[in-house]
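Take a look at the structure set out below.
So you know, we letter chains A, B, ... as the sequences are listed, proteins then strands, and number each from 1. For the numbers below, each heavy atom of this structure counts, side chains included, while hydrogens, waters and symmetry mates do not.
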Number of protein chains: 2
Amino acid sequence: MPQNPDLLFRTLADPTRRGIFEQLCRRGEQTVAALTAHAGVSQPAVSKHLAALKQAGLVRDRPEGRQTHYSAQPKALAPLADWTQQMASFWDGRFDALEDLLKRMDQ
Amino acid sequence: MPQNPDLLFRTLADPTRRGIFEQLCRRGEQTVAALTAHAGVSQPAVSKHLAALKQAGLVRDRPEGRQTHYSAQPKALAPLADWTQQMASFWDGRFDALEDLLKRMDQ
DNA sequence: TAGAATCATAACCGATCAGTTATGAATCAA
DNA sequence: TTGATTCATAACTGATCGGTTATGATTCTA
């Protein structure tokens, strides 16, 4: 259930792609044409970014006639939030006796 | 103060580099040699990853004689947590009248 | 002082990837 | 039905990047 955040990080690493996702979070469902108008890149580039976002589960598509409507799925960000939380908690517990022992054994 | 998370996302996108950061969060301060033992790549590769992590503010280095001790700076994850939170909140407010209006005006 | 140990940097290589243009497939409108 | 619209895919390109080996700089030790 705690799926690894690798694909999420890779997908969100590109600023253009992250911008498209942000746009969808801010304004809700939009067509490819509307997203292209704000993306600053060509329509095929936007389509490819949307395919990547979809693969990562970050967006959903809803075909309707000629156009395809995309919407954000912020729930997919959960593993990323979990990972961040976990790193912070590891750090909080860093001075536990066991952790300290493991550290000393290691180097 | 709400600095953009671009460098953070790019830095954490690589699994090897993220693994090194995780190791530092779990076990605390470690030398380059200790990190290399777990990284599965060569020592120069680890040094380059550490340089990238340092540039992103995610780690601190403490030179001591021949060896350099590195430690995680999980505080640097704050912009990432903020961004995630913001995306979720945008989505929560998606059906506000103004947001809805903007959406309609846009396409 | 000579050699070993630790880390960083240089130089290079192959793979990945984000962008482009061209084109195809599907749908709507005149 | 013909042409326009909307989107996706194919094919290609240049840049980025993570990995390697080789080497240098520094520090400890025998």
Rounded to whole Å, please give me the gap between CG in Leu50(A) and P in dA18(C). 13 Å
Exercise: do His69(B) and Gln30(B) side chains pair donor with acceptor under 3.5 Å: no
Carefully, step by step, assess Gln43(B) and Ser47(B) under the rule side-chain hydrogen bond (donor to acceptor under 3.5 Å, both in side chains). CA-CA 6 Å; Gln43(B) 172 266 313; Ser47(B) 279; 3.1 Å; yes
Send over the distance from Leu7(A) CG to dT16(C) C1', rounded to a whole Å. 15 Å
Which nucleotide, dC7(D), dC7(C), dA8(D), lies nearest any side-chain atom of Val32(B)? dC7(C)
Between P of dC17(C) and CG of Leu12(A), the distance in whole Å: 15 Å
Length of the line joining Tyr70(A):OH and dC7(D):P, which is rounded to integer Å: 9 Å
Distance in angstrom units between Gln67(A) CD and dA8(D) P, rounded: 11 Å
Is there a donor and acceptor pair, one atom on the side chain of Arg66(B) and one on the base of dT26(D), closer than 3.5 Å? no
May I have the distance from His69(A) (atom NE2) to dT5(D) (atom C1'), rounded to whole angstrom? 14 Å
Should the pair Arg18(B)-Asp6(A) be classified as a salt bridge under the 4.0 Å nitrogen-to-oxygen rule? yes
OG (Ser71(A)) and CG (Leu58(A)) are apart, to the nearest 0.5 Å, by 11.5 Å
Assuming nearest nucleotide by heavy-atom distance, tell me which of Asp61(B) and Gly65(A) is located more 5' along DNA chain C. Asp61(B)
Rounded to whole Å, how long is the line connecting atom CD of Gln55(B) with atom P of dA8(C)? 15 Å
Within this structure, what is the CZ-CG distance for the pair Phe21(A) and Leu12(A), rounded to the nearest 0.5 Å? 6.5 Å
Interatomic distance where CD belongs to Glu64(A) and P belongs to dT6(D) [whole Å]: 13 Å
Pairwise side-chain contact, Leu8(B) with Phe9(A), heavy-atom cut-off 4.5 Å (strictly under): no
Under 3.5 Å, which N/O atoms of the protein pair with N/O atoms of nucleotides 15-21 of chain D?
{"unit_1": "dG18(D)", "atom_1": "OP1", "unit_2": "Arg17(B)", "atom_2": "NH2", "d": "3.0"}
{"unit_1": "dG18(D)", "atom_1": "OP2", "unit_2": "Arg17(B)", "atom_2": "NH1", "d": "3.4"}
{"unit_1": "dG19(D)", "atom_1": "OP1", "unit_2": "Thr16(B)", "atom_2": "OG1", "d": "2.9"}
{"unit_1": "dG19(D)", "atom_1": "OP2", "unit_2": "His49(B)", "atom_2": "NE2", "d": "2.2"}
{"unit_1": "dG19(D)", "atom_1": "N7", "unit_2": "Lys48(B)", "atom_2": "NZ", "d": "3.2"}
{"unit_1": "dG19(D)", "atom_1": "O6", "unit_2": "Lys48(B)", "atom_2": "NZ", "d": "2.6"}
{"unit_1": "dT20(D)", "atom_1": "OP2", "unit_2": "Ser42(B)", "atom_2": "N", "d": "2.9"}
{"unit_1": "dT20(D)", "atom_1": "OP2", "unit_2": "Ser42(B)", "atom_2": "OG", "d": "2.6"}

Which residue pairs pass the ring pair (Phe, Tyr, Trp, His ring centres under 6.0 Å) test with at least one member in residues 40-63 of chain B, sequence neighbours excluded? none
